[in-house]
Chemist: 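Let me begin by handing over the structure; questions about it come next.
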Amino acid sequence: MSQQSHTPEHVDIQPRNREHEIADRLSRDWYGDHPFKTAWFNAMSITFPLGEKFFIDSVRHFANNIDDPKLKQEIRGFCGQENVHRREHERYNESLCSQRGYDLEYMENRLKKKLALTDKMYTPLERLSMTAALEHITAIMAEWALDPESSMAQEADPLMRELWDWHAVEEMEHKAVAFDVFRAVGGDEKMRKKALKRSTFFLLLDIFVHLVHMLKRNGQLWNLKIWWQGMGFLFGKQGILRLIYPMWKEYYQDGFHPWDRDTQEQLHRWEAAQASS
Ligand SMILES: [Fe+2]
Ligand SMILES: [Fe+2]
C-alpha cells in the first residue's frame, strides 16, 4: 500500500467544535472601522457555507478510492472541520444579513445556480481539482491572516479575529487533503494548474458581487474615497492580494505540494497563544 498523504506527521486534522458569539460585532464595521474592509471579509463569509459543502462533496466522492489509512483519516478530519466552519459561517451570515439589511437569499441563490452548473459542466475529477485550487487560496489567505503583521491581526475586532484565525488554522492544517486525494486518484499537473485560474476568477467575482451588494445597501456604493482606500487594502504595498500573489503563483511550479510551504510554526504559535489565554 502506498503512502498517499503528504501532510506532516505532527499535523493533526481534527475539528474544534467552537461557537462564536459575534452578533453585536457584525452590526458594525468590525475591520478597521472601515466599510470596504469589513464588507470584503463579510462577502467572503457568504461564500463559505455553500463553497465548503462543494469541497466536502468533491472530496467525499473519491473517499472509497483511497487506501492509505492516514489519508482516509484526514478526509474524515477535513469533512469534520469544514462542516463546523459551515455551521459557524451560516450563523455569521444570517446574523449579519438580518442586522444590516443584506439579502442573503439573493447572494446564496446566485451561488447555488453556479454550483449546480459546475456539477453539470465538470467531471468529479475536475471538481476535485477546483477544490484543491480553492484550498490553496484559503491556505495562503490563512498564512497571511495569521501573520502578526497582517491587517487582520492589526485592525480586526479581537472577537472577530478569533473566528477568522480559528478558521485559518484549520484551513492550514487540512490544506493538502483535497490535493493529496486529487493526486492519489490520478489527477495530473495540467488539470491541477488549469483549475487555479478558473477558481480564482470565480471566487473573486463572487466576493466582488457580494461586496457591491453590501456597499449598496450601506448607501456607500458611490463613495469613491471608500473604494480608493479599498483598492489600497487589496493592491497597495501591504495589500492582501499583492501579498498573497507570490504564494498563489507557486501552484504553477511543477511538482508543487501545499506543504512545500512548511507552516507548522504558525500552527504552533496559535496553539501556544490559545493555551496561555
Ligand atoms: Fe473552511
Ligand atoms: Fe478548507
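Just follow the structure's listing: the first ligand is 1, and inside any ligand the first atom is 1.
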Chemist: Within 45° of the ring axis of Tyr251 and under 6.0 Å from its six-membered ring centre, is that where the NZ or CZ of Arg192 lies?
Modeler: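 Yes.
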
Chemist: Quick one: side chain to side chain donor-acceptor pair (under 3.5 Å) pairs with a partner in residues 231-249, sequence neighbours left out?
Modeler: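 Output for this query lists Thr200-Trp248.
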
Chemist: Compute both the distance and the angle, then confirm whether Lys197 meets the cation-pi test with Tyr252: under 6.0 Å from the six-membered ring centre, within 45 degrees of the axis.
Modeler: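 Judged by the rule (NZ or CZ under 6.0 Å from the ring centre, within 45° of its axis), Lys197 counts as positioned above Tyr252.
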
Chemist: Answer whether the closest heavy-atom distance between the side chains of Glu82 and His174 falls below 4.5 Å.
Modeler: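 SC-SC contact between Glu82 and His174 confirmed.
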
Chemist: Is there a donor-acceptor contact under 3.5 Å from the side chain of Arg25 to the main chain of Met160?
Modeler: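 Pair absent, no side-chain N/O of Arg25 close to backbone of Met160.
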
Chemist: About how large, to 10 degrees, is the angle NE2 of His174, then the Fe ion (ligand 2), then OE2 of Glu135?
Modeler: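 Taking the Fe ion (ligand 2) as the apex, I get 120° for this pair.
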
Chemist: What protein atoms of element N, O or S are positioned under 2.8 Å from the Fe ion (ligand 1)?
Modeler: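 Listed by chain and number, the atoms are Glu52 OE2, Glu82 OE1, His85 ND1, His167 NE2, Glu171 OE2.
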
Chemist: With a 6.0 Å cut-off on the ring centroids, do Phe179 and His136 count as close?
Modeler: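 No - the distance between ring centres of Phe179 and His136 does not fall below the 6.0 Å cut-off.
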
